[in-house]
There are 2 protein chains.
Amino acid sequence: MEKPATIIDIAKALNISPSTVSRALNNHPSISSQTKEQVNELANKLNYHPNLTARNLLKKKSGIIGVVVPEITSYFFSTVITGIQDVVSSVGYKLIISQTNENFDEEKKLIHEMAQMRVEGLLVSPSFNTQGFEHLEDARKAGIPVVLFDRDIPGFESSKVFVDVYDGAYQAVKYLIEAGCQRIAHIAGPEHIPTFQERMSAYQNALKDYNRELYPELIIKSTGFSAEDGVEACEHLLSQSFDALFCVNDAVAIGAMHVLREKGYKIPEDISVIGYDDEPYSCYFSPGLTTIWQPVYDMGMLSSKILLDTITKEKQTIRKEILKPELVLRQSSVPLN
Amino acid sequence: MEKPATIIDIAKALNISPSTVSRALNNHPSISSQTKEQVNELANKLNYHPNLTARNLLKKKSGIIGVVVPEITSYFFSTVITGIQDVVSSVGYKLIISQTNENFDEEKKLIHEMAQMRVEGLLVSPSFNTQGFEHLEDARKAGIPVVLFDRDIPGFESSKVFVDVYDGAYQAVKYLIEAGCQRIAHIAGPEHIPTFQERMSAYQNALKDYNRELYPELIIKSTGFSAEDGVEACEHLLSQSFDALFCVNDAVAIGAMHVLREKGYKIPEDISVIGYDDEPYSCYFSPGLTTIWQPVYDMGMLSSKILLDTITKEKQTIRKEILKPELVLRQSSVPLN
DNA sequence: CTGTTAGCGCCTTCAG
DNA sequence: CTGAAGGCGCTAACAG
């Protein structure tokens with residue numbers, strides 16, 4: 001394990017100056033092709049890798065973009081990240097990815113560290129417990145542009161890319177209403193979480209808009225948003241009668257369907273179920289889960305494109321993009337009459 | 001968007017030397033607490049972030065570990081990465097994560113770039129199309145220790161962390177045999193992929209070991225390993241009669257179950273199904289999918305611990321660890337008699 | 001307790 | 001076409 005070769009090593013060995021080596025390596029026009037050949041050959045032989053740290057110090061750029069997400073194990077975030085990566089790697093950027101685990105302190109720490117690393121831009125989806133945006137403001141003051149995606153921090157002025165959560169939820173409930181469902185239940189997520197709140201108010205407003213009665217007993221606020229939480233919430237719900245169930249996401253819907261089937265309900269004949277997210281496996285349940293698809297990969301691409309724009313053009317224009325979700329009809333919901 | 005403040009800015013403003021500022025910032029003992037206070041206060045006011053690039057150049061370390069995986073959207077790899085991250089972030093390392101998309105050229109390029117970035121270590125799970133290991137050897141020659149995980153490159157000498165794939169598959173088939181299944185089919189993955197080969201030979205050997213006849217017509221080699229591939233493979237298989245089905249992974253098993261149910265087969269009464277991977281949603285199918293669980297998070301933790309060991313201790317000892325998978329019994333397989 | 005000096009590896013003027 | 005010099009921001013001797 002030798003220490004890496006440097007430009008100087010090559011220069012000495014060839015009895016030329018470091019600058020010449022540098023230029024040769026970078027294929028500078030004003031270097032004889034002969035010298036270039038010599039240099040490149042030796043570089044190869046010495047297994048020379050240019051020291052990006054040094055170059056970055058000089059150029060004052062790191063070639064790195066920071067991504068801060070609540071977690072990476074979900075289909076949702078891992079797909080967003082893939083979208084980001086496909087865009088930024090095509091222009092030579094690398095990604096530093098960190099998870100907050102929905103922990104605000106962790107988020108602050110991570111953003112801080114990324115600022116120290118001199119990432120050239122920051123793509124962040126704030127944790128559910130994020131309070132305020134001083135940490136992001138700090139980064140920006142340090143010259144690091146920030147793009148928020150998927151989750152908002154109201155009041156923080158930056159480019160943002162979201163999905164129209166309200167619209168998705170509204171579409172789902174509207175469908176159930178139009179399909180003739182009378183008592184539509186809702187398993188909601190934890191209420192302090194904006195995106196879940198939106199899904200709930202879309203549910204409520206849709207019912208209102210269509211002059212349906214709103215039965216408070218048909219709304220269950222789950223403590224989490226995993227399949228297990230769906231199981232638990234649905235068991236509570238069983239004391240009520242209902243013919244449709246709109247769940248805060250697919251995982252919860254899967255858990256709920258599991259319970260319903262076990263209790264002998266037929267889906268969708270007895271109860272229609274709709275989820276949210278269109279997880280990759282949702283189509284393989286029986287019945288296939290009707291759900292809301294979101295342009296996840298696109299969200300990654302778009303946010304990173306916007307970020308790259310502000311990095312390269314140094315223009316401080318702020319862009320806000322709202323992507324549209326789509327209702328994906330499968331067999332877990334009754335067909336329209 | 002000002003340019004970031006430097007130590008020199010602080011030094012000038014306070015009329016002291018840069019070194020003093022540096023020391024104060026790093027809480028060096030031989031600096032008066034008064035100076036420290038002044039410095040820290042001003043640093044705060046200027047929103048000073050130490051330039052890690054400069055520090056790294058000096059210290060010849062980047063504080064970054066490179067992770068190269070085929071993809072990050074699967075439960076498998078995203079969980080491994082989480083394990084890695086939990087370990088390395090606790091000692092202050094950052095992660096650069098890249099995906100090869102099973103493309104060998106991409107893998108070579110990524111490893112190369114990471115070497116240039118001077119990552120301090122490399123955790124790699126090679127693509128299915130990786131030929132040889134010169135690229136990894138290069139990295140190691142550049143002083144970057146490499147740990148392979150999940151997938152092997154035979155002949156490459158390094159620390160490695162794998163799961164005993166053969167053992168998992170053998171457990172699955174053994175269970176089916178002992179449960180009395182007579183005609184056990186297998187949907188295999190693409191045959192050039194070692195891990196899938198192993199699953200198949202475990203299947204074959206288990207049958208042999210228990211003196212069961214091996215019906216070649218009950219083995220289908222799928223072209224891929226997604227749920228859709230499972231659907232397709234299973235449809236081909238339907239021309240045969242069988243009472244058990246061991247699938248190369250959960251996704252394929254999910255697809256296969258989907259087909260079987262549609263064709264009116266009862267699972268497990270007519271056909272037992274076993275998958276491989278224990279995806280998070282596999283327990284929510286009806287019936288719940290019997291499968292092989294692998295210590296995925298642990299694999300991430302262990303590989304990164306080994307890597308950190310070789311980084312810090314500079315000891316070149318090579319460790320090979322084989323983790324044990326476990327059979328998870330659910331309702332998709334008939335119970336033992 | 002603090003300042004001076006030198007240098008990490010590279011690139012980019014400015015001179016030849 | 002090539003060389004010399006300076007500096008990116010920081011730290012670690014070495015001197016006071």
Side-chain angles (χ1 to χ4, degrees), chain A residues 2-40 42-43 46-64 113 115-120 142-144, chain B residues 2-40 42-43 46-64 113 115-120 142-144:
Chain A
E2 334 275 322
K3 48 199 55 162
T6 76
I7 270 190
I8 304 191
D9 297 331
I10 299 181
K12 275 185 191 155
L14 257 37
N15 242 318
I16 54 180
S17 83
S19 356
T20 306
V21 176
S22 168
R23 284 188 274 241
L25 255 12
N26 292 305
N27 204 18
H28 190 101
S30 67
I31 292 281
S32 74
S33 50
Q34 195 196 343
T35 315
K36 277 185 194 170
E37 250 175 61
Q38 279 185 65
V39 169
N40 283 315
L42 184 58
L46 295 182
N47 194 27
Y48 169 82
H49 293 273
N51 186 325
L52 288 195
T53 312
R55 187 182 291 171
N56 290 337
L57 176 57
L58 200 60
K59 296 267 183 72
K60 300 193 180 210
K61 45 197 274 337
S62 61
I64 296 177
E113 289 174 358
Q116 299 200 174
M117 300 196 59
R118 296 293 191 274
V119 296
E120 292 182 44
I144 302 171
Chain B
E2 334 275 322
K3 47 199 55 166
T6 75
I7 270 191
I8 304 192
D9 298 332
I10 299 181
K12 277 185 190 153
L14 257 37
N15 242 320
I16 55 181
S17 84
S19 0
T20 306
V21 176
S22 169
R23 284 188 276 243
L25 254 13
N26 291 305
N27 205 17
H28 190 101
S30 66
I31 293 282
S32 77
S33 50
Q34 196 196 342
T35 315
K36 277 185 194 170
E37 250 175 61
Q38 278 185 67
V39 169
N40 283 315
L42 184 56
L46 295 181
N47 193 27
Y48 169 82
H49 293 274
N51 185 326
L52 288 196
T53 311
R55 187 183 291 171
N56 290 337
L57 176 58
L58 199 60
K59 297 267 184 73
K60 301 196 180 209
K61 42 196 275 343
S62 61
I64 296 177
E113 288 174 359
Q116 299 199 174
M117 301 196 59
R118 296 294 192 273
V119 297
E120 291 184 44
I144 303 170

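As a basis for the values below, the full set of heavy atoms in this structure was taken, side chains included, without hydrogen atoms, waters or symmetry mates. Naming convention: chains lettered A, B, ... in sequence-line order (proteins, then strands); numbering from 1 in each chain.
Contact annotation: the side chain of A:M117 approaches that of B:I64 to within less than 4.5 Å [non-hydrogen atoms, C-beta and beyond]. Side chains of A:Y48 and A:D9 form no contact here, defined as non-hydrogen atoms less than 4.5 Å apart. For the pair A:L57/A:R55, no side-chain contact is recorded, criterion being any heavy-atom separation below 4.5 Å from C-beta on. Contact of the A:V39 side chain with the A:I16 side chain is registered, since non-hydrogen atoms from C-beta on lie closer than 4.5 Å.
Following rounding to the nearest Å, A:I31 (CD1) and C:dT12 (P) show an atom-to-atom distance of 13 Å. To the nearest angstrom, C1' of D:dG9 lies 16 Å from CE of A:M117. Per the geometry, CG belonging to A:L57 stands 18 Å off P belonging to D:dG6, to the nearest Å. A straight line from NZ of A:K12 to P of C:dG9 spans 11 Å, rounded to a whole angstrom. In this structure, the CG atom of A:L58 is 10 Å from the C1' atom of D:dG6, given to the nearest Å. Summarising the geometry, the separation between CG on B:L25 and P on D:dG9 is reported as 15 Å, rounded to the nearest angstrom. A straight line from CG of B:L14 to P of C:dG3 spans 10 Å, rounded to a whole angstrom. Between the CD atom of A:Q116 and the P atom of D:dT11 there is a distance of 11 Å, rounded to whole Å.
Applying the 4.0 Å criterion to OP1 and OP2 of D:dG7, one finds that A:K60 has every side-chain N and O outside that range. Contact check, A:N26 against C:dC11: a side-chain N or O comes under 4.0 Å of OP1 or OP2. Contact annotation: B:K36 side-chain N/O to C:dC1 OP1/OP2 distance is not under 4.0 Å. OP1 or OP2 of D:dC1 has not a single side-chain nitrogen or oxygen of A:S32 nearer than 4.0 Å. Between C:dC10 and A:Y48, a contact under 4.0 Å exists linking OP1 or OP2 to a side-chain N or O.
Side-chain atoms of A:N51 come within 3.5 Å of backbone N or O of A:T53 as a donor-acceptor pair.
Side-chain to base pairing of A:R23 with D:dG3: one donor and one acceptor N or O lie within less than 3.5 Å of each other. A:T35 contributes no side-chain N or O that forms a donor-acceptor pair with the base of D:dT2 under 3.5 Å. For A:S19 and D:dA4, a side-chain-to-base donor-acceptor distance below 3.5 Å is present, hydrogens and geometry of angles not being considered.
Each end of the helix from C:dC1-D:dG16 to C:dG16-D:dC1 gets its own rotation axis from five pairs of C1' atoms, and the angle between them is 50° to the nearest 10 degrees.
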Original post:
Should A:K61 and A:N56 be marked as a side-chain hydrogen bond (donor to acceptor under 3.5 Å, both in side chains) after you check the CA-CA gap, both sets of side-chain angles, and the distance that decides it?
Top reply: CA-CA 5 Å; A:K61 45 197 274 337; A:N56 290 337; 6.0 Å; no

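Inspection of the A:S19 and A:S22 side chains reveals no N or O donor paired with an N or O acceptor under 3.5 Å.
Using a 4.0 Å heavy-atom cutoff across all strands shown, B:N56 reaches no nucleic acid atom at all. Looking at heavy-atom distances under 4.0 Å, A:P18 makes no contact with the nucleic acid at all.
For A:K59, the listed nucleotide lying nearest its side chain is C:dT12; candidates were D:dG3, D:dC10, C:dT12. Distance from the side chain of B:S17 is smallest for C:dG3 among the nucleotides C:dC10, D:dC10, C:dG3. Proximity note for A:T6 (side chain, C-beta onward) versus D:dC10, C:dC11, C:dG9: the nearest is C:dG9.
Contact between B:A11 and B:S17 at its shortest, heavy atoms only, is CB-C, 3.8 Å.
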